[in-house]
Every structure is written in structure tokens, then in C-alpha cells.
Undergrad: 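Here it is, the structure in full.
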There are 2 protein chains.
Amino acid sequence: MAAGMPDTAESPDKTRQRILTAAAEVFAETGFRNATIRQIVEKAGANIAAVNYHFGGKNQLYTAVFEQAMSAGFAEYPVNLDLPPDPTPEQRLLAFVRSFFLRAFVGQGCGTHLGRLILREMVEPTAELNRRITDTMRPMAEHLRQIVQQIVSRPLSDDEAFLFSTSIISQVVFHKHCREVIARMFPSRTYGRDELEQLARHVTDFSIAGLHAMRSKAIGKRAP
Amino acid sequence: MAAGMPDTAESPDKTRQRILTAAAEVFAETGFRNATIRQIVEKAGANIAAVNYHFGGKNQLYTAVFEQAMSAGFAEYPVNLDLPPDPTPEQRLLAFVRSFFLRAFVGQGCGTHLGRLILREMVEPTAELNRRITDTMRPMAEHLRQIVQQIVSRPLSDDEAFLFSTSIISQVVFHKHCREVIARMFPSRTYGRDELEQLARHVTDFSIAGLHAMRSKAIGKRAP
DNA sequence: TGACATTTGAAACGCACGTTTTAATACTGA
DNA sequence: TCAGTATTAAAACGTGCGTTTCAAATGTCA
């Protein structure tokens with residue numbers, strides 16, 4: 001089963017790596033089920049049997065792609081990106097939002113495809129989604145909850161934490177998830193570095209204002 | 001080609017209608033490409049040839065499903081739902097947000113599936129998306145822009161209108177688009193009538209606070 | 001170099017899909 | 001009732017998919 005060389009990702013231009021790169025693009029572009037192995041190996045310049053030889057099948061290739069994309073994205077843009085020591089809660093929120101945008105839109109290598117891979121998971125979840133939730137999303141949600149709690153400067157019920165956190169995260173992922181609609185309705189909109197910085201600032205400011213308004217407002221299951 | 005009877009949707013329990021209903025569920029559940037005609041006709045209790053006979057093929061069946069779902073949803077929950085005469089901008093925003101949630105989560109008949117059908121279009125757009133954008137989304141965006149402009153009580157640049165509107169809409173569609181993640185991370189969360197009312201109130205309040213903070217703040221392409 | 005494992009290549013297998021075909025059945029109107 | 005049409009039914013067609021097979025090519029170490 002195992003080759004003489006270790007599996008650690010070293011070999012520079014080998015077939016395995018080329019397939020991984022090509023598969024990231026194809027999976028992100030067309031989704032798991034629509035993507036075809038023939039399409040992937042053609043883009044990778046490999047033979048059709050190479051996927052089954054190196055990865056064991058389409059499913060395991062997808063898992064490998066997802067892991068590589070996920071770790072690459074967070075390695076390049078951690079949630080505390082560019083944060084000074086002893087940051088204010090508002091600075092922490094900006095870093096959270098900004099790194100999220102960068103991860104979703106400019107992460108180089110496989111990073112760019114991460115957002116689309118996750119969107120695919122939203123629509124047709126595979127076993128990967130459960131892994132990424134416990135690996136990544138749950139810690140991120142807890143991180144965000146603490147930031148929000150600091151900004152509101154009072155303890156939050158689970159209900160409130162849910163509402164506030166989703167209000168913030170939704171403003172980020174929207175631009176990834178609704179990309180096709182945005183591109184059609186606002187053709188002049190692009191997502192270069194400048195626009196992303198502007199977006200991150202806006203989402204942070206907008207959300208902080210919303211959170212400040214919630215400082216003195218308890219939310220129960222039924223609103224008044 | 002045409003039958004003796006007119007094509008107007010009258011015949012109560014006929015094969016055509018059963019297929020339409022079944023197809024709405026299957027398309028919403030599994031997407032256009034993953035959905036199979038065999039699966040649809042089995043659920044509808046019809047023969048496999050019936051789809052091609054009544055609709056002309058899988059594509060045209062999808063179009064029919066989408067049109068039915070879209071019109072049913074907006075007929076049941078228009079953007080001005082339950083609005084009093086001479087409403088305030090804040091009331092108009094609540095009605096907009098609330099009807100959006102209801103359309104996405106409780107629309108009966110085919111309405112329930114509408115949100116998921118649209119989500120599918122986000123991921124792999126078909127020709128339907130362009131139609132729905134000009135039919136529905138563009139008017140809705142213009143409607144929202146006017147509400148936002150009233151709340152901010154100053155004219156908005158295109159950039160500002162885009163940012164403010166997406167900040168609001170994103171908070172609604174998030175709950176539909178990220179349904180699979182939310183269900184896994186917050187298993188106790190449901191989307192019954194009470195929760196939807198609470199959500200609509202929260203999103204509206206949160207957004208109004210954000211908008212009020214933007215009253216005196218012009219946004220250019222580059223933030224300070 | 002030469003034996004041997006690793007990797008590639010081309011062809012084929014088995015399966016599920018959308019669609020078409022062809023015949024049988026149900027319905028309609030004189 | 002009985003033509004004639006509309007609808008349903010069953011089987012097959014052609015295609016593309018993931019995967020498998022197995023021989024050829026490539027690399028590795030004595």
C-alpha cells in the first residue's frame with residue numbers, strides 16, 4: 001500500500017499533487033457529484049486510473065482536497081489576523097470578519113476554493129461537513145460568541161448568542177453564497193483586495209452598531 | 001400537441017399535477033442534476049414516460065416547478081405583508097424581512113421548496129436564475145433600497161445601497177442557505193412560527209440600529 | 001546491470017441516467 | 001356503440017459515469 005517515500009506532501013510536481021490541485025478547482029467549480037474524474041485527470045494531465053491508485057476513489061480524493069484547502073486557508077488567514085496585542089473587542093471583530101473574507105476570496109492555492117467547497121456542503125452535505133463543523137466551525141462560533149459578548153458587555157443567553165453571531169457571519173458568507181446573483185445584479189462589483197477591506201469595515205461597523213443597540217435588550221423566545 | 005382540454009391548471013389529481021408536486025420536492029431536496037426522473041415519477045405514482053409526455057423533458061419540468069413555486073410563495077406572502085396604511089420605514093422593513101422569512105420557511109404547497117430551489121441556483125445556476133432575477137429579485141432589491149434610504153434619511157450612493165441592502169438580506173437568507181450547518185451546530189433550533197417572528201424582529205432591529213449608525217457616514221470605495 | 005516494486009496507460013466493465021419507441025389502455029364526442 | 005384522440009405503460013436505446021483490469025513503462029536498490 002504505502003510507497004517507499006513517506007506520504008508527507010513533499011514530492012514537488014508528482015501526479016498525486018497535480019491531481020489534488022486540479023481536483024480542488026473542479027470540485028469547487030462543479031461540486032462533488034457533478035465533477036468527473038475524467039475532467040480532473042485531464043486538467044491534471046494524468047491518467048484516469050491515477051485517482052483510484054493514489055487516493056482510492058472519488059470520495060477519498062474529495063476528503064483530501066477538503067483537508068488541504070481548509071488547512072491552507074486558516075494557515076494563511078487565521079482568525080486573529082494582524083491583531084495587535086491586547087486588542088479591543090471591536091478590533092477582534094474586525095480581524096474575525098476580515099480574515100473570513102480573505103480566506104473566502106483571496107486565499108491562494110486551494111484556499112480560494114474553500115468557500116465554494118463549503119457552500120457545496122451546505123447544499124448537499126457529505127461526511128466532510130460533520131468533520132469540518134467539529135474541527136473548525138464550532139471553535140469559530142465559540143470565538144465569535146466571546147467577541148460578541150465583550151462588545152455587548154453583558155452575558156448572553158444561547159438564544160441571543162445565536163442571533164447575534166448569525167447576524168454577523170451571515171453578512172460575510174452572503175457574498176460567497178450568493179455570488180451568482182450578485183454578479184448578475186451588480187456586474188460592476190468585484191472582490192479585489194480594496195473591496196474586501198471596504199466590506200470588512202462595513203460589516204464590522206454595521207454589526208457593532210447593531211450589537212450596541214442590543215446592550216440593554218434581552219431577547220426571549222417571544223419578542224414583545 | 002395540445003390536448004382537447006385547455007392547459008390551464010385545473011384537472012385536480014391528474015398525472016401532470018402529481019408530477020409537478022413530486023418534482024418540487026425532489027428538485028428541492030436533491031437539486032436539478034442529482035434529481036432523477038425515475039425518482040420523481042415513482043413519488044408521483046406515474047410512468048417514466050409521463051414527464052416527457054407532459055412537460056417535454058427534465059429541463060422544462062424544472063422550469064414549470066420553479067414558476068409554480070415562485071408565484072405561490074409571493075401570492076401567499078407579499079413583501080407588504082400585514083402592513084398598515086401609511087407605514088413607517090421601520091414597519092416596511094419589518095414587513096419585508098418577515099415576509100421573506102415566511103416565504104422561505106412556511107410557504108405551503110410548493111412554497112416551502114422555493115428557498116431551496118433558489119439555493120440550488122446559487123450553486124449551479126440554470127437559465128431559471130436569470131429569469132427570476134429580472135422577474136423578482138431586481139424589483140425586490142429596488143424596494144429594499146427605497147426602504148433603506150428612508151431609514152437612513154439621506155440619498156445613498158450605489159455602493160452604500162449595495163452594502164446596506166446585502167447586510168439586511170444576508171441575515172435572512174443565511175438561515176436558509178446554512179440550514180445544514182445550523183441544524184448540526186444548534187440542534188435545538190427550529191423554524192416554527194414563533195421562532196420566525198422572533199428572527200424577523202431581531203434582524204429588523206439589528207439592521208435598523210446598523211442603518212441609523214450609517215446616517216452620518218459616507219462610504220467610498222476605500223475606507224479611511 | 002538486473003530483479004523487483006511503483007507508477008502510468010489504454011481499454012473495458014457494470015451501472016444509472018434521460019430519452020425514445022411502440023403498444024396497450026382510457027377517454028371523448030357523434 | 002364506435003372511431004379517434006389523449007394518456008399510460010413497458011422495454012429498450014445511447015451515453016457518460018466510477019471503477020477495474022492488466023500490461024507497459026518507470027524508478028529503486030543489490
Side-chain angles (χ1 to χ4, degrees), chain A residues 1-27 29-66 120 124 126-128, chain B residues 1-27 29-66 120 124 126-128:
Chain A
M1 290 292 177
M5 279 287 110
D7 280 337
T8 56
E10 279 166 344
S11 29
D13 215 355
K14 296 303 296 294
T15 304
R16 188 191 146 96
Q17 187 55 45
R18 290 205 319 278
I19 289 177
L20 211 51
T21 303
E25 298 176 22
V26 175
F27 280 139
E29 204 69 39
T30 69
F32 174 71
R33 299 189 65 159
N34 299 336
T36 71
I37 291 188
R38 284 170 175 84
Q39 190 181 356
I40 291 170
V41 296
E42 185 191 15
K43 177 170 284 201
N47 187 268
I48 188 175
V51 165
N52 282 296
Y53 177 76
H54 285 284
F55 297 92
K58 193 184 179 186
N59 286 289
Q60 290 137 78
L61 172 60
Y62 185 67
T63 296
V65 163
F66 219 113
R120 295 281 173 177
E124 34 187 276
T126 71
E128 287 308 299
Chain B
M1 292 292 178
M5 278 286 111
D7 279 339
T8 56
E10 279 165 349
S11 28
D13 215 356
K14 296 304 295 294
T15 303
R16 188 190 145 94
Q17 186 55 46
R18 292 205 317 279
I19 289 177
L20 212 49
T21 304
E25 297 176 22
V26 175
F27 281 138
E29 203 70 37
T30 70
F32 174 71
R33 299 189 66 158
N34 299 336
T36 71
I37 291 187
R38 284 171 174 85
Q39 190 182 356
I40 291 170
V41 296
E42 185 192 16
K43 177 170 284 201
N47 186 269
I48 188 176
V51 165
N52 283 296
Y53 177 77
H54 286 284
F55 297 92
K58 192 185 180 184
N59 286 288
Q60 291 138 80
L61 172 60
Y62 185 65
T63 297
V65 163
F66 220 113
R120 294 283 175 178
E124 34 188 276
T126 71
E128 288 308 300

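Chain A is the first sequence line, chain B the second, and so forth, proteins listed ahead of strands; every chain is numbered from 1.
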Undergrad: The side chain of A:I48 is closest to which nucleotide in this list: C:dT8, C:dT19, D:dT19?
TA: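 Nearest to the side chain of A:I48 among the choices is D:dT19.
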
Undergrad: Rounded to whole angstrom units, what separation is found between the OH atom of A:Y62 and the P atom of D:dG18?
TA: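 My rounded result for the distance is 14 Å.
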
Undergrad: Report yes if the side chains of B:I40 and B:K43 come closer than 4.5 Å at any heavy-atom pair, otherwise no.
TA: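 Not in contact.
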
Undergrad: Answer yes or no: side-chain N or O of B:R38 and base N or O of C:dG18 forming a donor-acceptor pair under 3.5 Å.
TA: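 It does, because a donor-acceptor pair links the side chain of B:R38 to the base of C:dG18 below 3.5 Å.
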
Undergrad: Would you kindly give the CZ-to-P distance between B:R16 and D:dA6, to the nearest whole Å?
TA: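 Atom-to-atom, B:R16 to D:dA6, this comes out as 15 Å.
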
Undergrad: If you only use heavy atoms from C-beta on, which nucleotide in D:dA10, D:dT19, C:dG9 is closest to the side chain of B:A49?
TA: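 Taking heavy atoms from C-beta onward, the closest nucleotide is D:dA10.
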
Undergrad: D:dT20 P sits how many Å from A:K58 NZ, rounded?
TA: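 The distance from NZ of A:K58 to P of D:dT20 comes to 14 Å, rounded to the nearest Å.
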
Undergrad: What is the distance, rounded to the nearest whole Å, between atom CZ of B:R18 and atom C1' of D:dT8?
TA: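 It is 11 Å, rounded to the nearest whole Å.
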
Undergrad: Rounded to the nearest 0.5 Å, what's the gap from OG1 on B:T21 to CZ on B:R16? Could you check?
TA: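 Here the interatomic distance stands at 11.0 Å.
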
Undergrad: Find the distance A:N59:CG to D:dC17:C1' and express it as a whole number of Å.
TA: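 Rounded to the whole Å, the gap is 14 Å.
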
Undergrad: So, is B:H54 near the phosphate of D:dA6, with a side-chain N or O under 4.0 Å from OP1 or OP2?
TA: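 False: B:H54 side-chain N/O out of range (4.0 Å or more) of D:dA6 OP1/OP2.
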
Undergrad: B:Y53 side chain: which of C:dT6, D:dG18, D:dT7 is closest?
TA: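 My answer, after comparing the listed nucleotides, is D:dT7.
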
Undergrad: Choosing from D:dT8, D:dT19, C:dG9, which nucleotide comes nearest the side chain of A:N47?
TA: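 Side chain of A:N47 sits closest to C:dG9.
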
Undergrad: Base, sugar-phosphate, or nothing for A:A50, non-hydrogen atoms under 4.0 angstrom?
TA: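 Since no nucleic acid heavy atom lies under 4.0 Å of A:A50, the category is nothing.
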
Undergrad: What's the CZ-C1' distance between B:R33 and D:dT15, to the nearest Å?
TA: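 Atom CZ in B:R33 sits about 14 Å away from atom C1' in D:dT15.
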
Undergrad: Can you say whether the rings of A:Y62 and A:F32 are parallel (under 30°), tilted (30 to 60°) or perpendicular (over 60°)?
TA: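 Geometry flag for A:F32 against A:Y62: tilted rings.
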
Undergrad: Whole-Å distance between D:dT28 C1' and A:K14 NZ?
TA: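 Interatomic distance, NZ of A:K14 to C1' of D:dT28: 12 Å.
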
Undergrad: Nearest 0.5 Å, what's the NE2-CD1 distance between A:H54 and A:I19?
TA: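 If we round to the nearest 0.5 Å, A:H54:NE2 and A:I19:CD1 are 5.5 Å apart.
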
Undergrad: A:F27 and A:L61: side chain to side chain contact (heavy atoms under 4.5 Å, CB included), yes or no, with the steps?
TA: CA-CA 10 Å; A:F27 280 139; A:L61 172 60; 4.0 Å; yes

Undergrad: In whole Å, what is the span from the CG atom of B:N52 to the P atom of D:dA6?
TA: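 Interatomic distance, CG of B:N52 to P of D:dA6: 18 Å.
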
